[in-house]
K.L.:
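One structure, as structure tokens, below. Some questions next.
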Amino acid sequence: MKYSFKDIERKWQRIWEEKGVFKSSPQKDKKKYYVLEMFPYPSGRIHMGHVRNYSIGDVIARFKKMRGYNVLHPMGWDAFGLPAENAAIKSGVHPKDWTLSNIAYMKEELKKLGLSYDWDREIATCLPEYYRWNQWIFLKMLEKGIAYRSKASVNWCPSCQTVLANEQVDEEGRCWRCGTTVEQREIDSWFLKITDYAEELLKDLELLKGHWPEPVITMQKNWIGKSIGARVKFEVPEKGETIEVFTTRPDTLFGVTYIVLAPEHPLTLKLSAGTEQEEAVKDFVEKIRRTEKRKRTTGELEKEGVFLGVYAVHPLTEEKIPVYAANFVLMDYGTGAVMSVPAHDQRDFEFAKKYGLPIKVVITPENEELKAEELEKAYTEPGILVNSGKFSGMKSEEAKKAITEELERLGKGKREVQYRLRDWNISRQRYWGTPIPVIHCKKCGIVPVPERELPVKLPENAPLTGEGRSPLERVPEFVNVKCPKCGGDAKRDCDTMDTFFDSSWYFLRYCSPKEETLPFKPEEAEYWMVVDQYIGGIEHAVLHLLYSRFFTKVLRDIGLFKADENHPQKEFFKAGEPFQNLLTQGMVNKRWVSVKNLLKAYNLSEESTVSELVKALTGKDTENGETIGSLMKRHHVTIGDNAILLLKTEEVGKFIDNLEEFLSELEKKYGEVSKMSKSKLNTVDPDDMIERYGADATRLYILFAAPPEAEFEWKTEGIEGAYRFLRKVFGFVADKRGLFEGSLKGAPSKKGKDLRRKVHQTLKKVTEELEERFKFNTAIAAIMELFNAMSSFKPETEGDKAVLKEAIEKLIVMLSPFTPHVAEEMWEMTGHYTLLAKESWPEVDESALKEEEIELPVQVNGKVRDRITVPADADEETVKEIALSSEKVKKYTEGKTIVRFIYVKGRLVNVVVR
RNA sequence: GCCCGGGUGGCGGAACUGGCAGACGCACGGGACUUAAAAUCCCGGGGCCGUAAGGCCGUGCGGGUUCGAUUCCCGCCCCGGGCACCA
């Protein structure tokens, strides 16, 4: 019988849909299970990362359903965002049309994968039915003081007169559209006070331990970055100003030899005004302003600073200390100013060496003396204080406290806790996002849009040109409104929200997607939440997951839901934690070659000619004097793009005979492995795979290739194996259909018993893998192993046939979460009238697992020398007797003394001789 | 520079708590079937030495702990990802 996957897959997708198998509703008497995969951005087509993510989720959802849970498994669209707007700028299509047609297309693709979603709960964040609740939540936050207005620094293109996202700024810090060097600019923005929740977000990570991957917890912890230290005041008497610094090492206070301010610090220009350094400082600040943020913060830039021409006074010694400004001090961390202790901080040390500033040792290791002039690097360990007045002789830890107390007593400082975490800027100068529901009135200031007027709808006719501050500003009927308070002329806020806002609570909306009076129905959220299993890419380890945790806590505090004392996830509920368990799936990578690497490999540059390139690649002669750089420019190829783009151009491609083969050779030689992404053109289209091998085989392969959390490199050959396996199983089951016709009686033979043991061992393993470890690759391997045993099994008795029949039945059930369509088909083929998707997962028969005899390796001094067969329940004495009587073992023990005999029950034997 | 991962056959990976290294699959080689090819089925396989039995070596490199180390400890090398120089 032929494995016609197309017919099979279409058939069962239709039946599941017709029978509403995956519809969900709260059932108070049933245990619930909420499994959720991160919703996709509707970029146009699904990619392998999606297939992997959603296959993992589907296996879990189907398995839990078979385990008797009331499963919620929804899907939707993270539908606002920059690409829609970019598409509009490039080709004039409206973001709404672009997005909605992408959604329609991708939904079909997802359906073809046979995923068990309850599509009745589908949401799209770009629809007013959804985003009105963003606005509603924003207004609540405004009321509670969580949303506030402040200045933010943004990438500004002076030529397009527009704000750029980080990804719209290229590696050299230039605008993606016009190539102008990007500047930093301060604009008014809306912020959310996530820092108010810093302590709670940090503390509740404890609750997530054991449920979330450890690296994610670590990353969030580092991101929040709590540190305890002191705020210290340094006065600048000649200017009548005070510089406040934050330090984690108050114990090194006596070693301060200079102070450094961030260039943006308000005192930087103020202090230098009127000194001989005034001009130099102005130039420096201007230069930094023109430097891209990313460069400044990833250590790519050399440490650079300028003297401000003034001195501060040390709070305890009253020494005069020079004040500098430098590029490595950030305005938005701490106070924007640092006290520098070059002897005990490596960065300060380097800066002091560069600018010839004094170095003063104030901490020494025990029993050792450090000399400033001999130091080659900073001594950053704790130690004993020296040269520190009355604090000399104290240990670092003790001194931190004592010095802080002294400062407090003198009114020159105080103990302080700082977080690295900064408030969340949600204003975006974009069109395709949620309008921020406030009105700016000259008389009344900032006035919230009244709740009954929500949603503030996006106007459809905003001009999208990529220029100008915000597209909404150019729609007069949107901008000009009457102030809700005084009725006078006023203007709407023309920014839209960061799309992370949309995705920070969508999992709550799924609980009651059609609710019209609130973001969600409290009683439904109280039934379905907390998400039992969340699955998504590791790249969201910090931002999305942290913001969602923050939102759930805020919504709890607003009173939108409360914990039921009987809820099984009560603890998580009370803490306002949205996701109990998290699985971070690894990326799907593929090998590719960048233009940069290609040119390097052939010793060419952008100035080389096209004929030189062709010559290098193929040995053929042509006459084309155009430079590679100019060719690239004409074809919109950049140095970081995939070399395919360059090789496929008409000027080059026609000289390469077998382009496909040529490219794969090139990848082998010069390729690098990285995440599949559109910009690198190293993608494999899931549609092609489904078309050629079917959804079942595609799912099976992607789950089999590697454990879910590991990255893996996509190899197209691998899927053939998965396809072959399914075809074999299908053929085998079709062949053995007869077994299901009558009843079979009698006892199985020894071989029959062995097979039955294998069946239940496999069932046990697969159940455990699906229940706890999520190691789908080994679960699938175990199923394949079982199938290998089944296909070589020759029944000798009727009892044996009964065993084989049971084996087939269990095999089909075990396959069903992974390859649901072919499993349903085989289930039907073997005479079942139920839907497998609604069947229960079978129980392991423990009695079938018992083995009478086991094989043990026998080691002599740790090396395997023989294998022995012993009764499964044999005690150590019996095992020892059998082991030592083995001829092969004797060979190695003869004439030697047995000093130790180790028997690890059921595992191995080790004889130690001397 | 800092943080987080990772390094096991030709390849993807397995080995769960310190206990048989290489399960399962891919690719490959040999054979069967076929006029032939494809498909399918059977067999083989870490390296070195050996006709074989068997022996030695082997989980990035160098040490250590242990009866026993892919797993634990110390030092180093390489690859991938992230980053906000965090005072």
Side-chain angles (χ1 to χ4, degrees), chain A residues 213-216 218-219 221-223 225 227 229 232 245-249 252 260 262 293-294 296-301 303 326-330 332-341 345-348 350-351 418-422 538-539 541-542 586-587 589 672-675 700-701 704-707 709-722 724-725 727-728 731 765 768-769 772-773 775 777-788 791-792 855-864 867 888 899-914:
Chain A
E214 204 53 47
V216 176
T218 311
M219 281 191 255
K221 209 167 165 179
N222 292 345
W223 193 265
S227 59
V232 187
V245 306
F246 172 72
T247 179
T248 52
R249 295 289 305 271
T252 63
V260 189
K293 226 196 294 184
R294 186 183 57 82
R296 258 186 83 187
T297 50
T298 51
E300 283 173 39
L301 225 56
K303 291 169 183 48
N327 57 356
F328 61 86
V329 177
L330 302 172
D332 28 16
Y333 181 76
T335 59
V338 300
M339 58 176 227
S340 295
V341 186
D345 181 285
Q346 187 56 28
R347 196 184 47 204
D348 295 346
E350 287 165 23
F351 192 81
Q418 276 286 345
Y419 297 91
R420 238 167 69 106
L421 182 70
R422 299 197 297 249
I538 183 81
E539 64 271 24
V542 178
M587 289 181 293
N589 296 333
E672 57 186 302
V673 173
S674 56
K675 178 176 155 180
L700 190 69
Y701 171 60
F704 176 66
E709 64 290 352
E711 300 185 347
F712 85 96
E713 194 189 328
W714 180 271
K715 292 262 175 64
T716 303
E717 309 88 62
I719 196 173
E720 306 251 358
R724 239 177 347 236
F725 172 72
R727 200 170 50 189
K728 275 192 278 187
K765 178 165 175 86
E768 280 168 6
E769 303 286 34
E772 297 148 24
R773 300 207 315 154
K775 293 264 181 187
N777 55 332
T778 53
I780 294 167
I783 294 173
M784 287 176 169
E785 219 174 308
L786 172 65
F787 176 69
N788 290 344
S791 48
S792 57
E855 203 189 59
L856 289 178
V858 183
Q859 301 181 332
V860 180
N861 287 351
K863 285 195 172 161
V864 179
R867 287 161 196 288
K888 287 179 181 164
V899 291
R900 230 173 130 181
F901 182 86
I902 295 153
Y903 174 48
V904 185
K905 200 164 181 350
R907 287 286 203 169
L908 58 42
V909 170
N910 191 9
V911 187
V912 187
V913 297
R914 210 173 24 216

K.L.:
Just call it for A:K765: base, sugar-phosphate, or nothing, with non-hydrogen atoms closer than 4.0 Å on any strand.
P.N.:
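Base, at least one base heavy atom under 4.0 Å.
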
K.L.:
Which whole-number value in Å describes the distance from A:N777 CG to B:C26 P?
P.N.:
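It is 15 Å, rounded to the nearest whole Å.
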
K.L.:
Hey, is the main chain of A:N222 close enough, under 3.5 Å, to the side chain of A:R420 for a donor-acceptor pair?
P.N.:
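Yes; judged by distance alone, with no hydrogens or angles, the pair exists.
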
K.L.:
Give me the distance, rounded to whole Å, that separates B:C57 from B:A69 when you measure between the P atoms they each carry.
P.N.:
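Each nucleotide's P atom is 12 Å from the other's.
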
K.L.:
For RNA chain B, list all stems, counting runs of three or more consecutive pairs where every pair is Watson-Crick or G-U wobble with both distances under 3.5 Å.
P.N.:
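Stems found: B:1-7 with B:77-83, B:10-12 with B:24-26, B:28-32 with B:40-44, B:46-49 with B:54-57, B:60-64 with B:72-76.
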
K.L.:
Output the rounded distance in Å from CD (A:E214) to C1' (B:G6).
P.N.:
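So the two atoms are 17 Å apart, to the nearest Å.
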
K.L.:
Taking the side chain as everything from C-beta on, heavy atoms only, tell me whether A:Q859 gets closer than 4.5 Å to A:I902.
P.N.:
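No - every pair of side-chain heavy atoms lies 4.5 Å or more apart.
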
K.L.:
Can you identify which nucleotide, out of B:C67, B:C24, B:A14, has its nearest atom closest to the A:N910 side chain?
P.N.:
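Of B:C67, B:C24, B:A14, B:C67 is nearest to the side chain of A:N910.
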
K.L.:
Check every strand shown and say whether A:R422 touches a base, only sugar-phosphate, or nothing at a heavy-atom separation below 4.0 Å.
P.N.:
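Touches a base.
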
K.L.:
Among B:C24, B:G13, B:G19, find the nucleotide with the atom closest to the side chain of A:L908.
P.N.:
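Nearest to the side chain of A:L908 among the choices is B:G19.
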
K.L.:
To the nearest 0.5 Å, what is the distance between CD1 (A:I780) and CD1 (A:I783)?
P.N.:
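Those atoms lie 6.5 Å apart.
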
K.L.:
Is the base of B:C20 touched by the side chain of A:R907 through a donor-acceptor pair closer than 3.5 angstrom?
P.N.:
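Answer no: no donor N or O sits under 3.5 Å from an acceptor.
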
K.L.:
Would you compute the distance between atom OH of A:Y903 and atom CG of A:N910 and round it to the nearest 0.5 angstrom?
P.N.:
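Going from the OH atom of A:Y903 to the CG atom of A:N910 covers 13.5 Å.
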
K.L.:
Using the glycosidic torsion, which applies to B:G62: syn (within 90° of 0) or anti (everything else)?
P.N.:
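For B:G62, whose glycosidic angle is more than 90° from 0, the conformation is anti.
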
K.L.:
From the options B:A21, B:U40, B:C67, select the nucleotide whose nearest atom is closest to the side chain of A:R724.
P.N.:
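Looking only at side-chain atoms, A:R724 lies closest to B:U40.
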
K.L.:
Does some side-chain heavy atom of A:L908 sit less than 4.5 Å from a side-chain heavy atom of A:V858?
P.N.:
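Not touching, per the 4.5 Å side-chain cut-off.
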
K.L.:
To the nearest Å, give me how far apart CD (A:E709) and C1' (B:G6) are.
P.N.:
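It works out to 13 Å between those atoms.
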
K.L.:
Which of these nucleotides, B:C56, B:A87, B:C86, is closest to any side-chain atom of A:K863?
P.N.:
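In terms of side-chain proximity for A:K863, the closest of B:C56, B:A87, B:C86 is B:C56.
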
K.L.:
Taking all non-hydrogen atoms of both residues into account, name the closest pair between A:V338 and A:V329 and its distance.
P.N.:
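That would be CG2-CG2, 4.0 Å.
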
K.L.:
If you compare every side-chain N and O of A:R773 against the phosphate oxygens of B:A15 (OP1, OP2), does one of them come in below 4.0 Å?
P.N.:
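Result: yes.
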
K.L.:
Nearest-Å distance, CG (A:N788) to P (B:G25)?
P.N.:
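Interatomic distance, CG of A:N788 to P of B:G25: 5 Å.
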
K.L.:
Rounded to whole Å, please give me the gap between CZ in A:R420 and P in B:C83.
P.N.:
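Result: 11 Å.
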
K.L.:
Please determine, for the side chain of A:T778, which listed nucleotide (B:C86, B:U40, B:A15) has the closest atom?
P.N.:
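Among the listed nucleotides, the one closest to the side chain of A:T778 is B:A15.
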
K.L.:
What does A:G225 touch in the nucleic acid at a heavy-atom separation under 4.0 angstrom: a base, only the sugar-phosphate, or nothing?
P.N.:
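No contact at all - A:G225 keeps every heavy atom at 4.0 Å or more from the nucleic acid.
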
K.L.:
Ignoring the backbone of A:A781, work out which of B:A87, B:C4, B:A23 is nearest its side chain.
P.N.:
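The listed nucleotide nearest to A:A781's side chain is B:A23.
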
K.L.:
Using a heavy-atom cut-off of under 4.0 Å over every strand shown, decide if A:N222 touches base, sugar-phosphate, or nothing.
P.N.:
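Sugar-phosphate only.
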
K.L.:
Could you tell me how far apart A:F725 (CZ) and B:C24 (C1') are, to the nearest whole angstrom?
P.N.:
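One finds 10 Å between C1' of B:C24 and CZ of A:F725, rounded.
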
K.L.:
To the nearest Å, give me how far apart CE (A:M784) and P (B:A23) are.
P.N.:
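My rounded result for the distance is 14 Å.
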
K.L.:
For the side chain of A:R347 and the base of B:A87, is some donor closer than 3.5 Å to an acceptor across the two?
P.N.:
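Such a pair is found, so the answer is yes.
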
K.L.:
Report yes if a side-chain nitrogen or oxygen of A:R727 is closer than 4.0 Å to either non-bridging phosphate oxygen (OP1 or OP2) of B:U40; otherwise report no.
P.N.:
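Checking A:R727 against B:U40: at least one side-chain N or O falls below 4.0 Å of OP1 or OP2.
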
K.L.:
Among the nucleotides B:C4, B:A87, B:U40, which one has an atom lying closest to any side-chain atom of A:T218?
P.N.:
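The nucleotide sitting nearest to the side chain is B:C4.
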
K.L.:
What nucleotide among B:G19, B:A87, B:U40 has an atom nearest to a side-chain atom of A:V904?
P.N.:
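Side chain of A:V904 sits closest to B:G19.
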
K.L.:
Both A:G334 and A:G718 contact RNA chain B. Which one's nearest nucleotide lies toward the 5' end?
P.N.:
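The residue closer to the strand's 5' end, by nearest nucleotide, is A:G718.
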
K.L.:
Identify whether any heavy atom of A:V338 sits under 4.0 Å from a base atom; if not, whether one sits that close to sugar-phosphate; answer base, sugar-phosphate or nothing.
P.N.:
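Base contact.
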
K.L.:
Of the listed nucleotides (B:A87, B:G68, B:C24), which one gets closest to any side-chain atom of A:V329?
P.N.:
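Given the options B:A87, B:G68, B:C24, the side chain of A:V329 is closest to B:A87.
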
K.L.:
Please report the distance, rounded to the nearest Å, between OH in A:Y701 and P in B:C11.
P.N.:
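Atom-to-atom, A:Y701 to B:C11, this comes out as 15 Å.
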
K.L.:
What interatomic distance, in whole Å, is found between P of B:C76 and the corresponding atom of B:C28?
P.N.:
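One P to the other, the span is 43 Å.
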
K.L.:
Specify the residue among A:D345 and A:Q859 whose closest nucleotide of RNA chain B lies further upstream toward the 5′ end.
P.N.:
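By nearest-heavy-atom nucleotide position, the 5'-most residue is A:Q859.
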
K.L.:
Around atom NZ of A:K905, are there more than 12 heavy atoms from other residues, nucleotides or ligands closer than 6.0 Å?
P.N.:
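More than 12 within 6.0 Å, yes.
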
K.L.:
Side chains of A:T252 and A:M339, heavy atoms from C-beta outward: is any pair under 4.5 Å?
P.N.:
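They are in contact (side-chain heavy atoms under 4.5 Å apart), so the answer is yes.
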
K.L.:
Has the side chain of A:D345 got a donor or acceptor atom that lies under 3.5 Å from a matching backbone atom of A:S340?
P.N.:
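No, because the side chain of A:D345 does not come within donor-acceptor range (under 3.5 Å) of the backbone of A:S340.
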
K.L.:
Checking contacts here: which listed nucleotide (B:C86, B:C20, B:G13) is nearest the side-chain heavy atoms of A:Y333?
P.N.:
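Looking only at heavy atoms from C-beta outward on A:Y333, the closest nucleotide is B:C86.
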
K.L.:
Contact between A:F725 and A:F704 at the side-chain level, heavy atoms closer than 4.5 Å - yes or no?
P.N.:
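They are not in side-chain contact.
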
